[in-house]
Amino acid sequence: MTLTPPVAATRPHSFTRHGMTIEDPWAWLRDPNYPDVTDTDVLAYLEAENAYFEAQMAPQQPLVDRLYDEMKARIKEDESSVPQKDGDWLYWTAFETGGQYRLWWRKPVAGGEDQLILDEPKLAEGKEYFRVGAIAISEDGRVMAYSTDDDGGERYTIRFRSLDGSADLGEVIPGASGKWGETSIEGTIGNIVFTSDGRHILYGLTDEHWRTRTIKVHRLGSDPADDVTLYYEDDPVFSVGVSETSDRRWIALVTSSHDTSEIRLYPANDPFAEPILIAPRVAGREYDVDTHGDTLFIHTNDTNPMWRLCTASIEAPGEWRERIAPSPRFYMTGVECFRDFFIVEGREDGLDQIELHSYDAGAAPKRIAFQEASYTAGTGDNPEYDQTVIRLGYESMVTPGTIYDYDTATGEMTVRKVQEIPSGYDASRYATERLEIAARDGTKVPVSIVYPAGFPRDGSRPLFLYAYGAYGHAIAPGFSTGRMSLLDRGFAYAIAHIRGGDDLGQQWYHDGKLEKRTNTFTDFVDVARALVADGWTSAGRIAIAGRSAGGELMGAVVNSDPELWGAVIADVPFVDVLNTMLDETLPLTPGEWPEWGNPIEDKAAFELIRSYSPYDNVRAQDYPPMFISGGLNDPRVTYWEPAKWAAKLRATKTDDNILLLKTNMGAGHGGKSGRFESLREAAEEHAFVLWQLGVEG
């Protein structure tokens, strides 16, 4: 093992755009054969960085082991979910003691033996990486379709299983998209949906650029090569996916970009019928749809970024009538229909709310009350349309995850499960608050903070500050057993709900994207400075962390305010923003332009991105200690972004602080798979923080 930092060679490379010439001497770290990474120089550099990482972390291994043991001891090893009824069956998942992966179970509602329907540990045997993407079961409960990824590259393979005998069927569909999610660096879009007769599935297919632009129909028992293309999206900015309405009468084919959507409904019993187009795409208008009888419930931002609810008839889907008007305080995030009521979810002043509404327009809604000052809550797994008891989830930064059944007739909440912490947990040892901190432009930024009871506000204690701030993704103030290892060593832990997320509504998101992107970075810095001023910590005693687009945040703030931070964790960081947004051949770039801007065509976008792109703004100054990670198979933030950034930092910075780059050579954007492997990675990062801040481990 070596204690000498690797030095990446420089090779002349430049390009000119909009009259500006950009020098990029580390461009060679992008293997020209990508996604196959075979260049010996590239691999040698990544392996050298990994060897340096191992050598530097070796003295901390006892601390890593202690942290890992603590974190593992807080996890119930034979954890299982609360069974939920869907048709004639109860479904649940469970881990075995020591198991890295889930077992999927069911049993008849009428009584009978438990049936193992998917054995993830068996499927994962011998694999460095394994992840289940989507699972769907036919309405008659006889066939399951499931997708898996064996290398972290997010090209999933769909297989089929007869649940009568729990045996895989013959046909295999490679190259499918994974779970339903955002079409962004943060997720893939796609799913598997059965037709109502169980004879076909609809699924998304990824292309050579990892874009999901095609929806296919597969007939069970046929050759997947004969699958029919139901829809193809011409615009590379848009991706497509499928879902089903709550009553399962319709399959929704959703075409969306970051700020625009378009939905077609296909009869669930006939995917080849002429679809119903709810409304054609209009730039900047987003909507989603559920159904109740022949009425469409359309949740949309067409008139206001706080969203509203409209209704329309199936016969005239474009004639929208307002049912619930937008509110200046309540940000409506979703609507779900059930037979006798519908649920509206949202956030009021940044805190989750759940409301039950009658289909009788004159009836007042019932809001479910939650008591803590800061928390997160939402509906859980509620698969049946005809339900009178709704599954809910709740937690806070001091309250472990709790599953409730809510009786919609009586309002009674029944606890079905409380997250068990085998090593013990005493909530009275911790306290949580929700702060408001003024950013430099006067905007009040919410901050959720948890700390040990009796925490002194004299600036003497370390603080861990986390944020994300992109894609309208809110960071919930939830519970974390891993975080307790920091709290028990005297840390406060804060989440900054900065602009770029949608914590306070969609305008909060808009105020941190495109030409307003730098608000995200300055909000984070201003929160940190205020926490110092209020005695929560002191400059240089703050550990910060961000992942993916949150890693971009880390890169921006270490360039702008390096003296504030005592340790930095940047996981799969999106830091080579300018180069990535200029390369339309990369998997997600065209779909990202509505988020960041298109520097190919727009000079102003080019100049703005160049002004904050972390890689392009590394300069000769002291930087704090940094731990950077990447994944060789990552299709969202390609491995060369963290590699190039680390190489440039090493060559440019003026300090002697440690800089580590760890590349997972067999994983992708999410790091290693398996619940305990991911814990070990968290233990490494926590150990780095304690080491660099000089906190007793």
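Position 1 is the first residue of the sequence; numbering continues from there. Just so it is clear, the model here is predicted, and its values are computed rather than measured.
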Open item on the list: Working note: T414 + D407, criterion side-chain contact (heavy atoms from CB on, under 4.5 Å); need CA distance, chi angles, decisive distance, verdict.
Closed with: CA-CA 8 Å; T414 301; D407 188 308; over 6 Å; no
Might you work through the side chain to side chain donor-acceptor pair (under 3.5 Å) test for N664 and E681, ending with a clear yes or no?
CA-CA 11 Å; N664 277 315; E681 291 192 326; 3.0 Å; yes
Exercise. Applying side-chain contact (heavy atoms from CB on, under 4.5 Å), run through I421 and T481 and close with a yes or a no.
Key: CA-CA 8 Å; I421 303 171; T481 56; 4.3 Å; yes
message = Go through it in stages, so that I can follow the logic: the residues are D571 and S629, the test is side chain to side chain donor-acceptor pair (under 3.5 Å), and I'd like the CA-CA distance, side-chain angles, deciding distance and then a yes or no.
response = CA-CA 5 Å; D571 287 317; S629 71; 2.8 Å; yes
- With side-chain contact (heavy atoms from CB on, under 4.5 Å) as the test, would you mind laying out the steps for Y394 and E372 before giving the verdict? CA-CA 11 Å; Y394 176 90; E372 290 184 272; 2.7 Å; yes
*Let me see the working for Y45 and N50 under side chain to side chain donor-acceptor pair (under 3.5 Å), right down to the final yes or no.*
CA-CA 9 Å; Y45 172 68; N50 281 349; over 6 Å; no
Check: Do E139 and R248 pass the salt bridge (charged side-chain N to carboxylate O under 4.0 Å, His left out) test, and can you show the C-alpha distance, the side-chain angles, and the key distance before you say yes or no?
Finding: CA-CA 9 Å; E139 198 166 326; R248 298 181 181 171; 5.6 Å; no
* R131 vs Y129, side chain to side chain donor-acceptor pair (under 3.5 Å): CA-CA, chis, key distance, verdict -> CA-CA 7 Å; R131 193 177 300 276; Y129 181 95; 2.7 Å; yes
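Classification of E49 and K662 as a salt-bridged pair fails, no side-chain N sitting under 4.0 Å from a carboxylate O. With salt bridges taken as basic N to acidic carboxylate O contacts below 4.0 Å, one links R489 and E70. Salt bridge present: D65 and R680 bring a charged side-chain N and a carboxylate O closer than 4.0 Å.
Heavy atoms of other residues, nucleotides or ligands lying less than 6.0 angstrom from CG of D88 number 12 at most. The number of heavy atoms from other shown groups lying within 6.0 Å of CD (E96) does not exceed 12. Under a cut-off of 6.0 angstrom, the local environment of CZ in R102 is sparse, with at most 12 non-hydrogen atoms contributed by other residues, nucleotides or ligands. Within a 6.0 Å radius of NZ in K127, other residues, nucleotides and ligands contribute more than 12 heavy atoms.
H497 is listed as a side-chain neighbour of R434, based on a closest heavy-atom distance under 4.5 Å. Residues Y156 and S177 are not in side-chain contact: their nearest non-hydrogen atoms beyond the backbone lie 4.5 Å or more apart. Between E171 and F160, some side-chain heavy-atom pair lies under the 4.5 Å cut-off. Contact of the T212 side chain with the L205 side chain is not registered, since no non-hydrogen atoms from C-beta on lie closer than 4.5 Å. A heavy-atom distance below 4.5 Å is found between the side chains of E120 and W104. With contacts defined as side-chain heavy-atom distances shorter than 4.5 Å, the pair Q115/L163 qualifies. Between V572 and P642 the shortest side-chain heavy-atom distance does not fall below 4.5 Å. Counting heavy atoms from C-beta on, the side chains of H686 and L486 come closer than 4.5 Å.
Atom-to-atom distance recorded for F455:CZ and E433:CD is 11.0 Å, nearest 0.5 angstrom. Here the CG-NZ distance, from D405 to K417, works out to 13.0 Å after rounding to the nearest 0.5 Å.
Of all heavy-atom pairs between G98 and E77, the closest is N-OE1, 2.6 Å. Minimum interatomic distance between A492 and I449 (heavy atoms only, all atoms of both residues): CB-CD1, 4.2 Å. Across every non-hydrogen atom of G551 and V575, the tightest pair is O-CG1, 3.9 Å. Across every non-hydrogen atom of K107 and E113, the tightest pair is CB-O, 3.6 Å. When all heavy atoms of A494 and V447 are compared, the closest pair comes out as CB-CG1, 4.0 Å. For the pair A124 and Y101, the tightest heavy-atom approach, listed with the atom from each and the gap, is CB-CE1, 3.5 Å.
In this model, a donor atom of one side chain and an acceptor atom of the other lie less than 3.5 Å apart for S485 and R74.
Taking the ring centre of W92 as origin, the terminal cationic atom of R106 falls outside the region bounded by 6.0 Å and 45° from the ring axis. In this structure, R461 is not positioned above the aromatic face of F491 in the sense of NZ or CZ being under 6.0 Å from the six-membered ring centre and within 45° of the axis.
The ring pair (Phe, Tyr, Trp, His ring centres under 6.0 Å) with F479 is formed by just one residue from the set Y430, Y375, Y493, Y425; it is Y425.
Remark: side-chain polar atoms of Y203 are not paired, donor with acceptor, to backbone N or O of I173 under 3.5 angstrom. Panel note: side chain N382, backbone G380; a donor-acceptor pair is recorded below 3.5 Å. At distances below 3.5 Å, at least one donor-acceptor pair connects side-chain atoms of N633 with backbone N or O atoms of D151. Between the Q84 side chain and the D381 main chain, a donor and an acceptor come within less than 3.5 Å of each other. Counting only distance, with no hydrogens or angles, the side chain of S147 and the backbone of A134 share a donor-acceptor pair below 3.5 Å. Using a distance-only test at 3.5 Å, with no hydrogens or angles considered, a donor-acceptor pair links the side chain of E345 to the main chain of T379. With hydrogens and angles disregarded, no donor-acceptor distance shorter than 3.5 Å links the side chain of R675 to the backbone of F95. A donor-acceptor pair under 3.5 Å is formed between the side chain of R347 and the backbone N or O of D503. At distances below 3.5 Å, not a single donor-acceptor pair connects side-chain atoms of S80 with backbone N or O atoms of D78. Put simply, the side chain of D149 gets close to the backbone of E154: a donor and an acceptor are under 3.5 Å apart.
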